[in-house]
Each structure stands twice: as structure tokens, then as C-alpha cells.
Engineer: 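Could you have a look at this structure, given as C-alpha cells, before my questions?
Bear in mind that the values here come from a model prediction, so they are computed numbers and not experimental data.
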Amino acid sequence: MPPRVQFYHNAENPLALACELASRAFGSGRKVALRTADAASARQLDQMLWSFEQQAFVPHVMAGSALAAETPVVIGHAEAPGEWPHTEILFNLADDVPPGFERFRMVVEIIGQGEAQKLPARARWMHYKQKDLPLQAFDAIRREAL
């Protein structure tokens with residue numbers, strides 16, 4: 001079954017939105033892969049997941065960790081592509097189409113407000129559309145539910 005693809009555009013802070021959506025997904029029992037553009041963004045996302053909500057604990061590790069297969073939220077980045085231990089939801093914050101995205105049940109693209117993020121996002125939208133995948137777009141300011 002091909003993945004559903006959701007685009008959250010207009011995000012003020014894409015990493016913060018990724019934390020919020022990953023926390024919500026984890027809270028409903030889903031396993032999540034978070035893919036950033038680079039190692040620095042992955043580290044920043046890691047730190048944000050520890051502190052973004054006082055009452056929320058989102059168990060997570062970096063991709064490649066010995067605990068990745070048993071941890072519900074895994075963070076990786078485009079500079080070090082590898083296999084994801086989960087195939088439920090992939091959150092993509094990088095500018096390219098994630099390799100192996102077809103394995104996931106859902107792909108969530110998170111796009112910031114600048115043209116530098118919007119242009120590659122449009123190309124990804126067209127890529128998914130050409131593959132006849134079910135597409136949905138949401139304005140991140142409104143925070144429609146996953």
C-alpha cells in the first residue's frame with residue numbers, strides 16, 4: 001500500500017512543529033522517524049524533544065543507535081542516509097525526497113515560511129503527485145490534526 005503524504009506548510013519553526021507532531025504521534029502509539037537536512041539540525045531537534053513540553057516525555061534516539069529498533073522516535077538526517085527501524089510515519093524536514101519513503105505508511109513534509117523552503121517543497125509535491133500518492137496540504141499556523 002503506498003504511503004499517504006501530508007504537507008504542513010507555513011511553519012514558523014519547522015523543528016518545533018516536528019516536535020509537536022512527533023509527540024502527538026507517539027502519544028497515540030505510533031512509531032516515528034524524523035529526518036532533518038543535516039547533523040546540526042538533528043542535534044537541535046534531539047535537544048528540543050527533551051525540553052519542548054514540561055509534562056511530555058518523547059523517548060527518542062539518533063538513527064544508528066543500538067536502541068533505535070526499540071525506541072519509538074528515531075532522528076536521522078539527509079547527510080547520513082540509512083535504513084529506518086520503523087516504517088509507520090516519516091517526518092521530513094530536508095529539502096529532498098527521502099530515499100525509501102515508499103516503505104512508510106505516511107510521509108509528513110514540514111515546510112517553513114521562506115521561499116528557500118517552499119521551492120524544493122513544490123518539487124517534492126510534484127514528485128509525489130506523479131507517483132499518484134494521496135496528498136493533503138495543511139497550513140501549519142492552523143495546526144490541523146495528523
Engineer: Could you state the interatomic distance from CZ (R122) to CD1 (I111), rounded to the nearest 0.5 Å?
Structural biologist: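 Answer rounded to 0.5 Å: 10.0 Å.
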
Engineer: Are V61 and V58 co-members of a hydrophobic cluster defined by side-chain heavy atoms under 4.5 Å apart?
Structural biologist: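 Shared cluster, no.
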
Engineer: I'd like to check H127 versus F101 (side-chain heavy atoms, cut-off strictly below 4.5 Å). Are they in contact?
Structural biologist: yes

Engineer: Take the angle between the ring planes of Y128 and F7 and call it parallel below 30°, perpendicular above 60°, tilted in between.
Structural biologist: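 Rings of Y128 and F7: perpendicular, as their planes differ by over 60°.
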
Engineer: Is a side-chain N or O of E88 found less than 3.5 angstrom from the main chain of K31, in a donor-acceptor match?
Structural biologist: yes

Engineer: Does T36 use its side chain to pair, donor to acceptor, with the backbone of A42 at less than 3.5 Å?
Structural biologist: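 Present.
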
Engineer: Quick check on K118: does its NZ atom have over 12 non-hydrogen neighbours (other residues, nucleotides or ligands) under 6.0 Å away?
Structural biologist: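 Correct, the count exceeds 12.
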
Engineer: Please indicate whether E115 has more than 12 foreign heavy atoms, meaning atoms of other residues, nucleotides or ligands, lying under 6.0 Å from its CD.
Structural biologist: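 More than 12 within 6.0 Å, yes.
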
Engineer: Could you state the interatomic distance from CD (Q113) to NE2 (H9), rounded to the nearest 0.5 Å?
Structural biologist: 11.0 Å

Engineer: Between N92 and D96 (side chain of the first, backbone of the second, donor and acceptor by atom type, cut-off under 3.5 Å), is there such a pair?
Structural biologist: yes

Engineer: Using side chain to side chain contact (heavy atoms under 4.5 Å, CB included), reason through M62 and V74 one step at a time and then give a plain yes or no.
Structural biologist: CA-CA 6 Å; M62 300 302 272; V74 177; over 6 Å; no

Engineer: In the structure I gave you, are the side-chain heavy atoms of V107 and R4 within less than 4.5 Å of one another anywhere?
Structural biologist: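 Of all side-chain heavy-atom pairs linking R4 with V107, none is under 4.5 Å.
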
Engineer: T71 side chain to V73 main-chain N or O, any donor-acceptor pair under 3.5 Å?
Structural biologist: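 Not confirmed, T71 side chain does not pair with V73 backbone.
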
Engineer: For E109 and P98, work out which heavy atoms get closest and say how close.
Structural biologist: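 Answer, listing the atom of E109 first, then P98: OE2-CD, 4.0 Å.
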
Engineer: Would a 4.5 Å heavy-atom cut-off, applied to side chains only, mark R103 and E83 as touching?
Structural biologist: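 R103 reaches E83 side chain to side chain.
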
Engineer: Is it the case that D46 and H60 place a side-chain donor and acceptor less than 3.5 Å from each other?
Structural biologist: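 Distance-only check passes for D46 and H60.
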
Engineer: Specify the closest pair of heavy atoms between G112 and P14, including all atoms of both residues, with the distance to one decimal.
Structural biologist: CA-CG, 3.7 Å

Engineer: Heavy atoms, side chains only, cut-off 4.5 Å: are V108 and Y8 in contact?
Structural biologist: yes

Engineer: Is it the case that the side chain of S23 and the backbone of E20 share a donor-acceptor pair, with hydrogens and angles ignored and the cut-off at 3.5 Å?
Structural biologist: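 Pair absent, no side-chain N/O of S23 close to backbone of E20.
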
Engineer: When the ring planes of F57 and W50 are compared, do they come out parallel, tilted or perpendicular, using 30° and 60° as the limits?
Structural biologist: tilted

Engineer: Which one of L49, L45, I110 satisfies the side-chain contact (heavy atoms from CB on, under 4.5 Å) criterion with L15?
Structural biologist: L45

Engineer: Closest heavy-atom contact between A18 and L93?
Structural biologist: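 Reported closest heavy-atom pair: CB-CD1, 3.9 Å.
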
Engineer: Consider only side-chain heavy atoms of I, L, V, M, F, W and Y, link residues closer than 4.5 Å, and tell whether M126 and L119 are in one cluster.
Structural biologist: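 Different clusters.
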
Engineer: Could you walk me through whether E12 and I141 pass the side chain to side chain contact (heavy atoms under 4.5 Å, CB included) test, one step at a time?
Structural biologist: CA-CA 8 Å; E12 274 185 65; I141 299 286; 3.9 Å; yes

Engineer: Could you grab the distance from atom CZ of R105 to atom CG of L90, nearest 0.5 Å is fine?
Structural biologist: 13.5 Å

Engineer: Are the side chain of E79 and the backbone of D38 linked by a donor-acceptor contact shorter than 3.5 Å?
Structural biologist: no

Engineer: For A63 and G76, which heavy atoms make the closest approach, and how far apart are they?
Structural biologist: CB-CA, 4.0 Å

Engineer: How close do A37 and A78 get, counting heavy atoms only, and between which atoms?
Structural biologist: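 Heavy atoms of A37 and A78 come nearest at O-CB, 3.5 Å.
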
Engineer: Just do the side chain to side chain contact (heavy atoms under 4.5 Å, CB included) check on W84 and R35 with the steps written out, would you?
Structural biologist: CA-CA 10 Å; W84 296 99; R35 180 180 184 261; 3.8 Å; yes

Engineer: If two hydrophobic side chains count as joined below 4.5 Å and joins carry through other members, does L34 share a cluster with L17?
Structural biologist: yes

Engineer: Which pair of heavy atoms, one from C19 and one from M48, lies closest together, and at what distance?
Structural biologist: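 In terms of heavy atoms, the two residues are closest at SG-CB, 3.6 Å.
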
Engineer: Step by step, work out the side chain to side chain contact (heavy atoms under 4.5 Å, CB included) result for F138 and Q136.
Structural biologist: CA-CA 7 Å; F138 300 101; Q136 289 181 293; 3.9 Å; yes

Engineer: Calculate, to the nearest 0.5 Å, the distance between atoms CD1 and CZ belonging to I89 and R24 respectively.
Structural biologist: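 Rounded to the nearest 0.5 Å, the CD1-CZ separation comes out at 11.0 Å.
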
Engineer: Are L21 and F26 connected into the same hydrophobic cluster when the rule is that any two of I, L, V, M, F, W, Y join if their side-chain heavy atoms are below 4.5 Å apart?
Structural biologist: yes

